[in-house]
Amino acid sequence: MPLILDGKKVAESLYQKLLLELSMLPVVPKIVFLLVGEDPASQTYVRSKGKKCQDMGLLSETQLLPVTVTEEELVGRIQALNKDKSVHGILVQLPLPAGINKQRVLREIDPRKDVDGLHPENQGRLFQGEPRFIPCTPAGIVEILRFYSIPIEGSKVTVVGRSEIVGKPAAQLMLMNNATVQICHSKTKDLARETSAADILIVAIGKPKFVTKEMVKEGATVIDVGIHRVDGKIVGDVDFENVSQRAGAITPVPGGVGPMTIAMLMKNVTQAASLRE
Ligand code: NDP
C-alpha cells in the first residue's frame, strides 16, 4: 500500500498554527462570499467554507445574487465591499453564469482583499516569485508535500491541467521549489508517456478516474485534485484503487486536497487581516 497523504491531518496541524496567529491579531478577520445563482456544488463549497470560518472564530457573510444579476450589479457589489473597512477578504465563488466576464469581475476585487489569489496583480506577483495571496488549492498541495517530507527540489513534476486556479499556479509553485516542471493539457500528445516520467504527478483534469496505473511511475507521488460525484460516491481524477498498486504516495478523494483548499483559504483570510493592521 502507498503512503496515504491525509489532507485532513495536514489541515489540522495548520489550524493549530493559525489559531495561535489569530489570537494575536487585534481584529477578527472577516470574509464575504459572493455566490451567484443556485449551482448545488458552489452552494456546498460556500457552506463548508463558511462553516470552517465559524469553527475558527472568523467572521463570514454570504451574499446571494440571482443568476440574472448583471455584470455591473456584481461589480457594484464588489466595489462596495472593497470600500468596507470591516471586510478583509472577498471571494467570488466560481463558476459565474454565462454572460458575466469572469476576468473583469476578478479584476475589480481589491488585490489586498483577493483571498483566492486570482486578481492579475496577485497572479503576477506569484509568477514573479513574490507571492501575496496564493490560490488555495495549489498552496495546499505544497503544504501536503512538505508535511510528508516529500522532496520537491530536483524532482520531476508533471501537472496535468492548466487552469488559472489550479494547474498554472501549481506548476509555478513547484518551479519556485526547484522542481523540473512540465504542464500537460488536452492537446498533449501521448499523455501517458509524460505522466509516467513524473516523480510527482499533480492531476487537475476534471474527469473522473481518468488516470490509471499505466500512466504512473512506480513509487511516484500522486496528487489528485479532482472532485466528482459518481453514483453517489465522491471520486477524483485518479483511479485510486488501481493507481495505489503502483504509487509510492497518494492523496485520497475525499480527504486529500479538498480539506487543504479550505485550510489555505483560512490562512489567506488571516493574512489579509494582518496585512491591514
Ligand atoms: P478546468 O476544467 O478549468 O481545467 C481542466 C484542465 O484539464 C484543462 O487545462 C484541460 O486542458 C485539461 N484536460 C482536460 N481533459 C484532458 C485530457 N483528456 N488530457 C489532458 N488534459 C486534459 O478544471 P480545474 O482546474 O478548475 O479543476 C480540475 C478538477 O479539480 C475538477 O474536477 C474540479 O472540480 C477540481 N477542483 C478541486 C478543488 C479542490 O479543492 N480539491 C479545487 C478546484 C478544482 P485544456 O486547457 O487544453 O482544455
Side-chain angles (χ1 to χ4, degrees), residues 5-8 10-11 14 33 35 39-52 91-96 98 102-103 106 115-118 123 126 133-145 157-174 181-198 201-212 214-216 222-230 233-240 243 250-268:
L5 306 173
D6 182 347
K8 281 195 214 146
V10 186
L14 187 83
F33 301 104
L35 177 57
D39 174 56
S42 295
Q43 287 174 332
T44 307
Y45 293 142
V46 168
R47 240 193 332 269
S48 1
K49 290 168 190 172
K51 161 97 179 44
K52 185 47 79 179
L91 188 150
V92 177
Q93 183 64 42
L94 301 175
L96 290 169
K102 178 183 84 176
Q103 301 302 354
L106 295 175
V115 287
D116 236 358
L118 296 177
Q123 294 220 320
L126 173 62
F133 296 117
I134 302 174
C136 303
T137 302
I141 293 173
V142 175
E143 290 295 318
I144 293 177
L145 294 171
V157 177
T158 299
V159 180
V160 191
R162 56 175 164 180
S163 67
E164 303 298 331
I165 196 161
V166 188
K168 281 186 203 165
Q172 169 62 7
L173 286 175
M174 292 297 121
V181 184
Q182 70 166 340
I183 308 182
C184 299
H185 44 77
S186 67
K187 305 291 185 292
T188 297
K189 287 184 185 149
D190 200 351
L191 182 66
R193 189 187 63 203
E194 308 304 340
T195 54
S196 339
L201 176 61
I202 300 175
V203 187
I205 306 181
K207 294 201 158 85
K209 297 191 176 187
F210 184 89
V211 171
T212 56
E214 292 70 32
M215 300 170 75
V216 174
V222 179
I223 305 288
D224 186 355
V225 179
I227 307 180
H228 314 273
R229 186 174 284 277
V230 176
K233 268 187 69 183
I234 306 287
V235 299
D237 285 348
V238 173
D239 185 344
F240 181 85
V243 170
I250 186 166
T251 55
V253 178
V257 174
M260 284 311 293
T261 297
I262 298 189
M264 298 318 285
L265 178 64
M266 299 302 122
K267 183 167 185 255
N268 282 354

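Start at 1 and go down the list; that is how both ligands and their atoms are numbered. The chain is numbered in sequence order, starting from 1. Just so it is clear, the structure is predicted and the values come from calculations on it, not from any experiment.
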Which atoms of ligand 1 have any heavy atom of [X] under 4.0 Å away?
| X | answer |
| --- | --- |
| G161 | 6 (C), 7 (O), 9 (O) |
| V166 | 25 (O), 43 (C) |
| T137 | 40 (O), 42 (C) |
| L191 | 19 (N), 20 (C) |
| H228 | 32 (O) |
| T261 | 39 (C), 40 (O) |

Drop me the distance from [X]'s [atom1] to [Y]'s [atom2], to the nearest 0.5 angstrom.
| X | Y | atom1 | atom2 | result |
| --- | --- | --- | --- | --- |
| D237 | I223 | CG | CD1 | 13.0 Å |
| L91 | C136 | CG | SG | 7.5 Å |
| I144 | T251 | CD1 | OG1 | 6.0 Å |

Check whether any N or O atom of R162, backbone or side chain, sits under 3.5 Å from an N or O atom of ligand 1, and answer yes or no. yes
Looking only at distance, does K207 have an N or O less than 3.5 Å from an N or O of ligand 1?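 Between K207 and ligand 1, an N or O pair is found under 3.5 Å apart.
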Using side chain to side chain contact (heavy atoms under 4.5 Å, CB included) as the criterion, point out the one residue from I205, L201, D190, L191 that pairs with C184. L191
Could I get the full list of salt bridge (charged side-chain N to carboxylate O under 4.0 Å, His left out) partners for E164, not counting sequence neighbours? K168
In the protein, which heavy atom is nearest to [atom], and how far is it?
| atom | value |
| --- | --- |
| atom 13 (N) of ligand 1 | I205 CG2, 3.6 Å |
| atom 48 (O) of ligand 1 | S186 OG, 3.6 Å |
| atom 18 (N) of ligand 1 | F210 CZ, 3.4 Å |
| atom 21 (N) of ligand 1 | H185 C, 3.1 Å |
| atom 25 (O) of ligand 1 | S163 OG, 2.6 Å |

Going through the checks in order, is the side chain to side chain contact (heavy atoms under 4.5 Å, CB included) test met by V253 and F240? CA-CA 8 Å; V253 178; F240 181 85; over 6 Å; no
For atom 31 (C) of ligand 1, which of P259, G236, P254, G206 has the closest heavy atom? G206
Minimum non-hydrogen distance to atom 26 (O) of ligand 1, winning option of V253, I165, V235: I165
Let me see the working for M174 and V142 under side chain to side chain contact (heavy atoms under 4.5 Å, CB included), right down to the final yes or no. CA-CA 8 Å; M174 292 297 121; V142 175; 3.8 Å; yes
When you look at I202 and V157, which way does the side chain to side chain contact (heavy atoms under 4.5 Å, CB included) test go after all the steps? CA-CA 8 Å; I202 300 175; V157 177; 4.1 Å; yes
Applying a heavy-atom cut-off of 4.0 Å, say which part of I227 lies close to ligand 1: side chain, backbone, both or neither. both
At under 4.0 Å between heavy atoms, is it the side chain or the backbone of V225 that contacts ligand 1, or both, or neither? both
Compute the minimum heavy-atom distance from T188 to ligand 1 and say whether it is under 4.0 Å.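 Outside the 4.0 Å threshold, so no.
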I'd like to know whether ligand 1 has C184 as a neighbour, heavy-atom separation below 4.0 Å. no
Does the protein place a non-hydrogen atom closer than 4.0 angstrom to atom 45 (P) of ligand 1? yes
Ignoring hydrogens, what is the shortest heavy-atom contact between V166 and P138? Give both atom names and the distance. O-CG, 4.0 Å
Specify the closest pair of heavy atoms between G7 and M260, including all atoms of both residues, with the distance to one decimal.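 Here G7 and M260 meet closest at O-SD, 3.6 Å.
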Can you list everything that forms a side chain to side chain contact (heavy atoms under 4.5 Å, CB included) with K209? Sequence neighbours excluded, please. V235, D239
Looking only at side-chain N and O atoms, does T195 offer a donor or acceptor that is under 3.5 Å from a partner on T158? no
